[in-house]
Amino acid sequence: MNTGKKKAASTEANRETLGKRALNRALLERQLLLRRVNLPALEVIEHLVGLQAQAPNPPYYGLWTRIEGFQQEELSRLLEERKAVRIAMMRSTIHLMSARDCLELRPLLQSVHDRGYTGAYGKSLANIDAQALATAGRALVEAKPMTFSELGKQLSEEWPDRDPEALSAAIRTMLPLVQVPPRGLWGQSGQAAHTSAELWLGSSLSTEPKLAIMIQRYLSAFGPASVKDMQAWSGLTRLREAFEQLRPSLICFRDEHGIELFDLPDAPRPDPSSISPPRFLGEFDNVLLSHADRTRIIDDAYRNRVFTKNGIIRSVILVDGFVSGIWHIKRGSGTATLTIESFRRLSSEEQGELAIEGAKLLKFAAVDEHTHDIQFLA
């Protein structure tokens, strides 16, 4: 009799199933969306393992909705003081990261950047001397921060038979490039100019990055989660073995479809009936992009109204913890109007709570406008 197999089978049979609301409340708690916290912005950025930041302003909204009393100057100052940076990270998309996480995590994601580049530009630079190209690119961006257009033109002087866009994309892939201010500063504009993370931060990338720690931090911010969930968040593949190595230190559940979910033993898993206040999330918010199965936060019926064909992930409202509409602010003639377009009929109480939270949002985002207005569209 194989008692080991019987014991394993018994463990599988007794594994707790977590429903959609249980996963929702766990995610909201870890994303600091059940209640605002009194923490420094840098600490929150690290807890969240960065914030999605394809556009300059969404990280400000992301921190505002999570931190009590957050003001734009705090994040702008972190960028100017080089304590936080904007850099391509998970899924090779731009994230706001702490300087420490930039240096520690970027090496773990190199394969993600390589795969994306190969798929888009691999044929354009076939048989090029990659080392020579990387050396030339580093010299250029470290001499002066450059836009990708400027970088491509400069590199094409040495490689005139190659596509300038492919050349600059190669440097973005091979080197960790940060966007320098004023890009990313609240209320300021500027093209995305890049230099190397090592030069900007005055430190080298980690030579011994630890995937196990990255997995644990992902679970802390987004768990309970499956292997495929973390792969969707990071862009990394073949993570099953790394999870298996960590299994003795993790706790396991099942979702309603029978998919195995991993978690940290001491991570918070609130009661599914916990009250979730209304929240306004900016474009590209992490909470929408960090799982293979996103139904814990957004119904499949609403996805096409949030995830657009041109790659924009719209600003959304959360009502009772789930995506229930989109929002935008229009400014002009001294007036800032917050328009809330709901995906379902809202009760008068839900509208009232959204209006209170929306007034706070307008005060944060449009303090210089004399008049604030809120409109609801069904």
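Side-chain atoms are counted along with the backbone in the values below, which use heavy atoms only and exclude waters and symmetry mates.
- Remark: L32 CG to R36 CZ distance equals 11.0 Å, nearest 0.5 Å.
- V112 approaches S234 most closely through the heavy-atom pair CG2-O, 3.8 Å.
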Chi angles and distances behind the side chain to side chain contact (heavy atoms under 4.5 Å, CB included) call for L318, L28:
CA-CA 10 Å; L318 300 183; L28 296 180; 4.0 Å; yes
Kindly determine whether H372 and E369 satisfy side chain to side chain contact (heavy atoms under 4.5 Å, CB included), including the steps that lead there.
CA-CA 7 Å; H372 291 168; E369 302 292 358; 4.3 Å; yes
What do the steps show when you test Q52 against T93 for side chain to side chain donor-acceptor pair (under 3.5 Å), and what is the final call?
CA-CA 8 Å; Q52 195 88 9; T93 56; 3.2 Å; yes
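- Here the CD1 atom belonging to I297 is positioned 11.5 Å from the NZ atom belonging to K20, to the nearest 0.5 angstrom.
- Between T65 and R279, the closest heavy-atom pair is OG1-CD, 3.3 Å.
- Contact annotation: the side chain of L23 approaches that of P224 to within less than 4.5 Å [non-hydrogen atoms, C-beta and beyond].
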Stepwise, does the salt bridge (charged side-chain N to carboxylate O under 4.0 Å, His left out) test hold for E198 with R138?
CA-CA 10 Å; E198 297 100 323; R138 181 182 291 277; 3.5 Å; yes
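- Residues I374 and A359 share a closest heavy-atom pair of CD1-N, 3.7 Å.
- Cluster membership for L27 and F322, using ILVMFWY side-chain heavy atoms within less than 4.5 angstrom, is not shared.
- Of all the heavy atoms in R247 and R240, the pair that sits closest is NH2-NH1, 4.1 Å.
- Looking at H194, its side chain never comes within 3.5 Å of a backbone N or O of I87 through a donor-acceptor pair.
- In this structure, the side chain of D163 does not engage the main chain of S124 through any donor-acceptor pair within 3.5 Å.
- Remark: N310 CG is packed, more than 12 non-hydrogen atoms of other residues, nucleotides or ligands lying under 6.0 Å away.
- With hydrophobic clusters built from ILVMFWY side chains whose heavy atoms lie under 4.5 angstrom apart, Y61 does not share a cluster with V323.
- Looking at R269 and E29, no side-chain N of the basic residue comes within less than 4.0 Å of a carboxylate O on the acidic one, giving no salt bridge.
- In this structure, Y117 contributes its side chain and R172 its backbone to no donor-acceptor pair below 3.5 Å.
- No donor-acceptor pair closer than 3.5 Å links the side chain of E142 to the backbone N or O of T195.
- Note that CZ of R294 is 14.0 Å distant from CG of D299, once rounded to the nearest 0.5 Å.
- Between E256 and G19, the shortest heavy-atom contact is OE2-CA, 3.4 Å.
- Note that CG of N286 is 7.5 Å distant from CG of L289, once rounded to the nearest 0.5 Å.
- Open room surrounds CD on Q191; 12 or fewer heavy atoms of other groups in view lie less than 6.0 Å from it.
- By the 6.0 Å contact criterion, CG on D271 is enclosed, its count of non-hydrogen atoms from other residues, nucleotides or ligands being greater than 12.
- Within the 4.5 Å cutoff, side-chain heavy atoms of M230 are placed close to those of F243.
- The pair E341-R305 meets the salt-bridge criterion, since a charged nitrogen lies less than 4.0 angstrom from a carboxylate oxygen.
- Put simply, I313 and F222 are part of the same group of oily side chains (I, L, V, M, F, W, Y) that touch within less than 4.5 Å, one to the next.
- Between the side chain of T135 and the main chain of Q131, a donor-acceptor pair closer than 3.5 Å is present.
- Between V316 and I298 there is no side-chain heavy-atom pair separated by less than 4.5 Å.
- For the residue pair E43 and L39, the shortest heavy atom distance occurs at OE2-CD2, 3.6 Å.
- Panel note: side chain S290, backbone V287; no donor-acceptor pair is recorded below 3.5 Å.
- Pairs passing the ring pair (Phe, Tyr, Trp, His ring centres under 6.0 Å) check and including a residue from residues 73-104, sequence neighbours excluded, do not occur.
- The closest side-chain donor-acceptor pair between S226 and D229 falls under 3.5 angstrom.
- Cluster annotation: Y121 and F148 are assigned to the same hydrophobic cluster (Ile/Leu/Val/Met/Phe/Trp/Tyr, side-chain heavy-atom contacts under 4.5 Å, transitive).
- When atom types are taken as modelled, the side chain of T147 and the backbone of A193 share no donor-acceptor pair closer than 3.5 angstrom.
- The backbone N or O of W233 lies less than 3.5 Å from a partner atom in the side chain of R91, making a donor-acceptor pair.
- Remark: I275 CD1 is loosely packed, at most 12 non-hydrogen atoms of other residues, nucleotides or ligands lying under 6.0 Å away.
- A heavy-atom distance below 4.5 Å is found between the side chains of L354 and I317.
- Side chain of R86 to main chain of A53: a donor-acceptor pair is present (N/O by atom type, distance under 3.5 Å, no hydrogens or angles).
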Show the numbers, then the answer: is there a side chain to side chain contact (heavy atoms under 4.5 Å, CB included) between F280 and L338?
CA-CA 11 Å; F280 289 83; L338 168 62; 4.0 Å; yes
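- In this structure, the separation between CZ on R344 and CD on E350 is 4.5 Å, given to the nearest 0.5 Å.
- In this structure, E74 and P40 have side chains that are in contact, with non-hydrogen atoms separated by less than 4.5 Å.
- Distance check, rounded to the nearest 0.5 Å: CG of L151 to CE of M146 gives 6.5 Å.
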May I have the step-by-step check of side chain to side chain contact (heavy atoms under 4.5 Å, CB included) for L175 and S196, ending in yes or no?
CA-CA 7 Å; L175 304 180; S196 72; 5.6 Å; no
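- Grouping the Ile, Leu, Val, Met, Phe, Trp and Tyr side chains by contacts below 4.5 angstrom, directly or via other members, places Y302 apart from L346.
- Ring geometry, Y218 versus H291: the interplanar angle falls from 30° to 60°, so the pair is classed tilted.
- For the pair L264/L250, a side-chain contact is recorded, criterion being any heavy-atom separation below 4.5 Å from C-beta on.
- With respect to the salt-bridge test (charged N to carboxylate O, under 4.0 angstrom), the residues R66 and D285 qualify.
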Enumerate donor-acceptor pairs with a distance under 3.5 Å from any side-chain N or O in residues 97-107 to protein atoms, sequence neighbours excluded.
residue	atom	partner	partner atom	Å
S98	OG	E46	OE2	2.7
S98	OG	D101	N	3.0
R100	NE	E46	OE2	3.1
R100	NH2	E46	OE1	2.5
R100	NH2	E46	OE2	3.2
D101	OD1	R217	NH1	2.7
D101	OD2	R217	NH1	3.3
D101	OD2	R217	NH2	2.8
E104	OE1	S206	OG	3.4
R106	NH1	Q110	OE1	2.8
R106	NH2	Q110	OE1	3.4
R106	NH2	T173	O	3.2

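- Judged by distance alone, the side chain of Q231 and the main-chain N or O of L239 form a donor-acceptor pair under 3.5 Å.
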